[in-house]
Student: 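Have a look at the structure that comes next, please.
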Amino acid sequence: MRLLTGATGHAGSIVLREFVRQQIPVRVLVRDPGKAAWIRDLPTVEVVHGDMLVPESLTDAFDDVDRVLMISSPRDNMVQTQCRFIDAAQSAGVGHIVKFGGKESGTTFDPNAFRGTRWHLEIEKYLENSGVAWTHLRPSQFMQFYLPGTLTGVDPHRQALVMPISESRLSPVDITDIAQVAVAMMQAEGIEGKAYDLTGPEALTMTEITDRISEATGRTFRYESVTPERKRALHAAEGLPPEVLDLLDEIYRGRLASPDSRVDLGAHREFGVEPTTFAEFARRHAADFTVGNGNGTRR
Ligand SMILES: NC(=O)c1ccc[n+]([C@@H]2O[C@H](COP(=O)([O-])OP(=O)(O)OC[C@H]3O[C@@H](n4cnc5c(N)ncnc54)[C@H](OP(=O)(O)O)[C@@H]3O)[C@@H](O)[C@H]2O)c1
């Protein structure tokens, strides 16, 4: 049996839908039953309740499981959450954990300067020393984070993408590509002890991103370049807590300091996944990028 955690989140929900699309049986660990109503109706999915931070709640989740895809929230308790989960998996005799991490695509991005990347590296090391076979999946920025309603998405009312990263390029990747790679990894032989970076197929400036959204929607979106201080003030006005402001500030400053990005399609090629371009992503989500389609509020 395969086990997936984080299925109620941004990335995990799309990974789960890929399991279902391919009719591959999977068990999902859910901590909040209220968020799992839509999951219970899916065929080929078994739902178990438990909390990654509470080892004694995980007995049913690990029963007869040979491989886990481990995803949790990019919050300040991510290291504790995933390390406790690794310990519990090891005790239960789980053979292999695929860790869903993250890696900035910037060519000179300093991993130590950004706490999200530091956390993932710390967990990767912990997993490598746990005695459980491991594989690291390290996607770059999600394309979905340009959609309205996300912390870093476009403002559909003003048809603007407000960012403090000047002309830096990023190589965002569609979560549906990551999901296809992740599901293939959950079936593949011979991937133990390997790390896979995963980006989208192009390194794009924010102007190129908004041009593609404009082409897809038939409306003019523009990039509004602001200072990190201004962006922080805008996020603060949205009510974000100080720790999230600090986290975002680090990411933006890192991207500003590392203006060029890599493109790495090695995992796409190895697992036979066609890379989605940002133009294709924008066309698929054209309705989501415009107001009046239920996505006009930012969260
Ligand atoms: N944002 C990006 O562009 C990007 C790029 C590359 C990699 N990443 C990485 O991708 C990962 C997933 O991000 P995301 O945006 O999908 O996160 P998310 O939307 O916050 O989802 C996290 C999931 O983990 C679950 N979870 C958290 N703590 C748990 C616990 N103690 N027990 C059981 N389940 C728990 C959450 O359950 P609830 O629904 O109950 O909260 C949710 O299902 C993160 O590690 C992030 O660093 C992000």
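Treat the numbers as computed from the prediction; the structure is a model and nothing was measured. When a ligand or atom number is given, it counts from 1 through the structure's own listing order.
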Student: Give the residue and atom name of whichever protein heavy atom lies nearest to atom 39 (O) of ligand 1, and the separation in Å to one decimal.
Tutor: Thr8 OG1, 2.5 Å
Student: Need the ligand 1 atom indices (1-based, order shown) with element for anything under 4.0 Å from a heavy-atom of Ile71.
Tutor: 12 (C), 24 (O)
Student: Check Glu124 with Lys99, please: is the shortest side-chain N to carboxylate O separation under 4.0 Å?
Tutor: no
Student: Report the nearest protein non-hydrogen atom to atom 23 (C) of ligand 1: residue, atom name, distance rounded to 0.1 Å.
Tutor: Gly6 CA, 3.4 Å
Student: Closer than 4.0 angstrom: is that true for some heavy atom of Gln144 and an atom of ligand 1?
Tutor: no
Student: My understanding is that we take every heavy atom of each candidate and find the minimum distance to atom 47 (O) of ligand 1. Doing that for His120, Gln82, His10, which one comes out nearest?
Tutor: His120
Student: Do the charged groups of Lys125 and Glu122 touch, with an N to O distance under 4.0 Å?
Tutor: no
Student: Among all protein heavy atoms, pick the one closest to atom 10 (O) of ligand 1 and tell me residue, atom and distance.
Tutor: Phe100 CE2, 3.3 Å
Student: Heavy-atom count around Arg230 CZ within 6.0 Å, excluding the residue itself: above 12?
Tutor: no
Student: Spell out, yes or no, whether Ile14 and Leu69 are grouped together once hydrophobic residues are joined by side-chain heavy atoms under 4.5 Å, including indirect joins.
Tutor: yes
Student: Which residue owns the protein heavy atom closest to atom 34 (N) of ligand 1, what's the atom, and how far is it?
Tutor: Met52 SD, 3.9 Å
Student: Does any N or O atom in Phe145 lie less than 3.5 angstrom from one in ligand 1, N or O only?
Tutor: no
Student: Do the side chains of Asp260 and Arg169 get close enough for a salt bridge, i.e. N-O under 4.0 angstrom?
Tutor: no
Student: Do the side chains of Trp38 and Ile71 join up, straight or via other hydrophobic residues, at under 4.5 Å, putting them in one cluster?
Tutor: yes
Student: Among all protein non-hydrogen atoms, which one is nearest to atom 21 (O) of ligand 1, and what is the separation to 0.1 Å?
Tutor: Gly9 CA, 3.2 Å
Student: Determine, considering heavy atoms only, which of Ser72, Ser73, Pro139 sits nearest to atom 11 (C) of ligand 1.
Tutor: Ser72
Student: Tell me which protein heavy atom sits closest to atom 48 (C) of ligand 1, plus the residue, atom name and distance to 0.1 Å.
Tutor: Phe142 CZ, 3.3 Å
Student: Taking only Lys NZ, Arg NE, NH1 and NH2, and the carboxylate oxygens of Asp or Glu, determine whether Arg232 and Glu229 approach each other closer than 4.0 Å.
Tutor: no
Student: Could you list the atoms of ligand 1 found under 4.0 angstrom from a heavy atom of Thr81?
Tutor: 31 (N)
Student: Please confirm whether Ser140 comes within less than 3.5 Å of ligand 1 when only nitrogen or oxygen atoms on both sides are compared.
Tutor: no
Student: Identify, for atom 31 (N) of ligand 1, the protein heavy atom at the shortest distance, and state residue, atom and that distance.
Tutor: Asp51 OD1, 2.8 Å
Student: Answer with yes or no whether the hydrophobic clustering places Val181 together with Val26; edges join I, L, V, M, F, W, Y residues whose side-chain heavy atoms lie under 4.5 Å apart.
Tutor: yes
Student: Heavy-atom distance to atom 9 (C) of ligand 1: which of Ala11, Pro74, Gly101 wins?
Tutor: Gly101
Student: Heavy-atom contact check, 4.0 Å cutoff: does Thr5 meet ligand 1?
Tutor: no
Student: Near Met78, which atoms of ligand 1 are under 4.0 Å from a heavy atom of that residue?
Tutor: 45 (O)
Student: After noting the C-alpha distance and the side-chain angles of Ser261 and Ser105, does the key distance pass the side chain to side chain donor-acceptor pair (under 3.5 Å) rule?
Tutor: CA-CA 5 Å; Ser261 271; Ser105 53; 3.0 Å; yes
Student: Quick one: look up the protein heavy atom nearest atom 35 (C) of ligand 1 and list residue, atom name and how far away it is.
Tutor: Arg31 NE, 3.7 Å
Student: Would a single hydrophobic cluster contain both Val79 and Tyr126, if residues Ile, Leu, Val, Met, Phe, Trp and Tyr are joined by side-chain heavy-atom contacts under 4.5 Å?
Tutor: yes
Student: Does any N/O atom on Lys35 come nearer than 3.5 Å to any N/O atom on ligand 1?
Tutor: yes
Student: I'd like to know if Arg75 and Glu243 make a salt bridge, using a cut-off of under 4.0 Å between side-chain N and carboxylate O.
Tutor: no
Student: When rounded to the nearest 0.5 angstrom, what is the spacing between CG in Leu29 and OG in Ser57?
Tutor: 7.0 Å
